[in-house]
Amino acid sequence: MTRIKTFFQSQKAMKYFVLLLFVMQPVFDLDYLIYPFLNQFGIPRPSTMIRFLIIPLAICWVFFLADKNKKKTLLLGGLYGIALAVYFFLHIRQGAEIYKNLYLTPNFFFQLSKEITYLLTLVIPYGMVYCVYHLHLTERIIKQITVSLSCLTAVPIFLGDLFVFGESTYSGMTAAPFLSWFLGIYADPTKIHPRQLASKFFFEEGNTVGILMFMLLPLLYLFFQRSSSKKERIALGSLIGIHSLSMIILSTRVATFGTVLIPFGFLVLYIFTSFMMKENRIEKTVVLFCAGTSLVSACILPHSPAVVNQSIDSANTAILLQDDYLRKELGSSLENTTELKTSDYYRFMFEAYGIRANLMASVPTQYYMEWYYYTADPKFWVDVLELPLEQRVNGRQIEKIFMDYKWSELSGKEKFLGMAYSTFNNGSILLERDFAQQIYTMGYAGAALTVLPWLLVTCFGAVLVLLRWKRMLRLDVLVYAMALGCGLVSSYISGHTIDQFLTSSFMALLVGVLLNLVLQPKQSEN
């Protein structure tokens, strides 16, 4: 009993336990593989228990041992908690009723447990920021976390692809290793589609893993530059090579193009802080390594599944654009017809032009055949067909059109509380764009309470850096900010970032570290 008490009173034990929660996030994500077995016995996923029970307890642990301003924390935390509770009560009351007025298909339905889970997923990372800020992490510890996360994501993806046992990022299993990209495998796209060559190992969300790796890469270059020995530089250089190749293997657009952009961006910051701020002495090894990795990645890109798949999509779009006269013909038919425009009429027009004439060929069929099937709301889908092809060429654009369509049916008061996340998540059509997606589903009030703080704290830090620019325009501060910026930009472009613990926890780490650097610069530099 004494040992247990001593353990919970140890700040060292607290620190390493919290850091372990950050490092093990990729491993926690793999528990979906055993969930079908656990679900037979009514046992929740281990990651659910860790993220919604263990992490909040760890936050409380930090509060009792490390927080020197407990009254202030309780006051601010209490006010935020009350505002969140009042909002959420009103939100779920509206969400439980409003979906009935949105004329959705039966697969869209409100689910209280999913609403609670989503809210906690958005809010708990702020507690993780609080933890990191009070732990005052050294650069050595941040380096260990970064390298560990890189190894836990990049190495499995690399090996899974090399020995062809990982899952494809998009569907099925990986069809062939990355070496096949250079050996003519794309010659016959009817046999193997480029998407089958993308590989994510067994991670649940390929897009989310790609964004995490995108944020990790700038820090790997920073620690390569700061390495004090040749042996360490070789090790980190090798890891950067595997990490970058794994990002290309993963084949999400953010990860793929990030391998070229990140070393170039790091090099710009390195040269700026060296020449303008006189912080570093320019090392040829660092410059050549960054330029070399960026160049090698650029040479691999034309052979990568992401770029080849993009070329195929562009070719298909070009073919559809040649048939754009069909869209104009549809518009003319709708405008000039004297026939009564009933639901049956719109259904006939969509079948004739959207399906048989292939005007919807660029959009996955499940959108209009399964998720929001055209027979339930044929006028919506005919309206979609009338839009220029560039505005509806893929699923992400259809999601935006659909969410705008349903959002327009809400009153101003209803928009304040949102349409409910669970309703659209269950229906499978959900905007893949953080910040905007939370406005639609959580409403203006919910977005302000759950995701706006990410932007506010970023702006706050940027202002402090500018005010203290002589001390703050350092390479480490700028690279941490670059990594955070990668996460925020990716979250808006691709989604699946702020509402995924794998990425939001690392963003919390970056924010906590940056707050330490800008608010307590003297202590952070020691």
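The figures that follow rest on heavy atoms only: side chains count, while hydrogens, waters and symmetry mates do not. All values reported here derive from a predicted model rather than from experimental measurement.
K200 places a side-chain N or O within donor-acceptor distance of the main-chain N or O of E204, the cut-off being under 3.5 Å. Looking only at distances, no side-chain donor or acceptor of S297 sits under 3.5 Å from a matching main-chain atom of S294. In this structure, S428 contributes its side chain and F424 its backbone to no donor-acceptor pair below 3.5 Å. Without hydrogens or angle criteria, D434 side chain to I498 main chain gives a donor-acceptor distance under 3.5 Å. In this structure, S251 contributes its side chain and A198 its backbone to no donor-acceptor pair below 3.5 Å. Side chain of H134 to main chain of Y130: a donor-acceptor pair is present (N/O by atom type, distance under 3.5 Å, no hydrogens or angles). Using modelled atom types, one side-chain atom of N426 and one backbone atom of F109 make a donor-acceptor pair closer than 3.5 Å.
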Do any side-chain atoms of residues 449-459 form donor-acceptor pairs under 3.5 angstrom with protein atoms, and if so which ones, sequence neighbours left out?
| residue | atom | partner | partner atom | Å |
| --- | --- | --- | --- | --- |
| T450 | OG1 | G446 | O | 2.6 |
| W454 | NE1 | Y126 | OH | 3.4 |
| T458 | OG1 | W454 | O | 2.7 |

Would you give me the side-chain donor-acceptor pairs under 3.5 Å for residues 21-32, sequence neighbours excluded?
| residue | atom | partner | partner atom | Å |
| --- | --- | --- | --- | --- |
| Q25 | OE1 | R51 | NE | 3.0 |
| Q25 | OE1 | R51 | NH2 | 2.8 |
| Q25 | NE2 | L21 | O | 2.9 |
| D29 | OD1 | R51 | NH1 | 3.1 |
| D29 | OD1 | R51 | NH2 | 2.8 |
| D31 | OD1 | R45 | NE | 3.0 |
| D31 | OD1 | R45 | NH2 | 2.7 |
| D31 | OD1 | S47 | OG | 3.3 |
| D31 | OD2 | S47 | N | 2.6 |
| D31 | OD2 | S47 | OG | 2.8 |
| Y32 | OH | F202 | O | 2.7 |

Per-pair distances, 0.1 Å, donor-acceptor, side chain in residues 475-488, under 3.5 Å, sequence neighbours excluded:
| residue | atom | partner | partner atom | Å |
| --- | --- | --- | --- | --- |
| D476 | OD1 | R474 | NE | 3.2 |
| D476 | OD1 | R474 | NH2 | 3.4 |
| D476 | OD2 | R474 | NH2 | 2.9 |

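Under the rule for a side chain to side chain contact (heavy atoms under 4.5 Å, CB included), the partners of L431 that lie at least two apart in sequence or sit in another chain are E399, K400, M403, R433, A436, Q437, Y440. Evaluation of the salt bridge (charged side-chain N to carboxylate O under 4.0 Å, His left out) rule for D161 yields no partner, not counting sequence neighbours.
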Worksheet item: How far apart are the C-alpha atoms of D499 and S504, what are their side-chain angles, what is the distance that settles it, and do they pass the side-chain contact (heavy atoms from CB on, under 4.5 Å) test?
Response: CA-CA 7 Å; D499 56 5; S504 64; over 6 Å; no

Worksheet item: Passes side-chain contact (heavy atoms from CB on, under 4.5 Å), L212 versus L216? Steps please.
Response: CA-CA 6 Å; L212 173 63; L216 287 168; 4.0 Å; yes

Item to complete: Go through the steps for E139 and R226 under the test salt bridge (Lys or Arg N to Asp or Glu O under 4.0 Å), then give the verdict.
Response: CA-CA 10 Å; E139 187 173 288; R226 297 204 164 186; 2.7 Å; yes

Practice prompt. Would you check, one step at a time, whether the test side-chain contact (heavy atoms from CB on, under 4.5 Å) holds for F214 with S490?
Written response: CA-CA 9 Å; F214 187 44; S490 299; 3.3 Å; yes

Worksheet item: Checking side-chain contact (heavy atoms from CB on, under 4.5 Å) for the pair Y186/L197: CA distance, chi angles, key distance, verdict?
Response: CA-CA 10 Å; Y186 299 119; L197 300 175; 3.5 Å; yes

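Relative ring orientation between Y367 and W371 is described as perpendicular, the plane-to-plane angle rising above 60° on a 0-90° scale split at 30° and 60°. In this pair, F224 and F289 present their aromatic rings parallel. The plane angle is below 30°, not in the 30 to 60° band. Taking the six-membered ring where the residue is Trp, F182 and H303 present tilted rings, their angle falling between 30° and 60°.
With a 6.0 Å radius and a threshold of 12 heavy atoms from other residues, nucleotides or ligands, M173 has its CE atom above the threshold. F264 CZ: 12 or fewer foreign heavy atoms inside a 6.0 Å radius. Heavy-atom contacts from other residues, nucleotides or ligands closer than 6.0 Å to OH of Y492 number 12 or fewer. Under a cut-off of 6.0 angstrom, the local environment of CZ in F37 is sparse, with at most 12 non-hydrogen atoms contributed by other residues, nucleotides or ligands.
Residues S244 and T259 bring no donor and acceptor atom of their side chains to less than 3.5 Å of each other. Side-chain N/O atoms of E115 and S422 include a donor and acceptor closer than 3.5 Å. Between the side chains of H496 and T208, no donor-acceptor pair of N or O atoms lies under 3.5 Å.
In this structure, CD on Q310 lies 10.5 Å from CG on L301, to the nearest 0.5 angstrom. Note: I211 CD1 to Q500 CD = 9.0 Å, rounded to the nearest 0.5 Å. Atoms CZ and CG, from F460 and L514 in turn, are 12.0 Å apart once rounded to the nearest 0.5 Å. Here M128 contributes atom CE and I59 contributes atom CD1; the two are 7.0 Å apart, rounded to the nearest 0.5 Å.
Taking the six-membered ring where the residue is Trp, the centroids of F416 and Y444 are separated by 6.0 Å or more.
Residue pairs satisfying the ring pair (Phe, Tyr, Trp, His ring centres under 6.0 Å) criterion with at least one member in residues 152-178, sequence neighbours excluded, are listed as follows: F158-F178.
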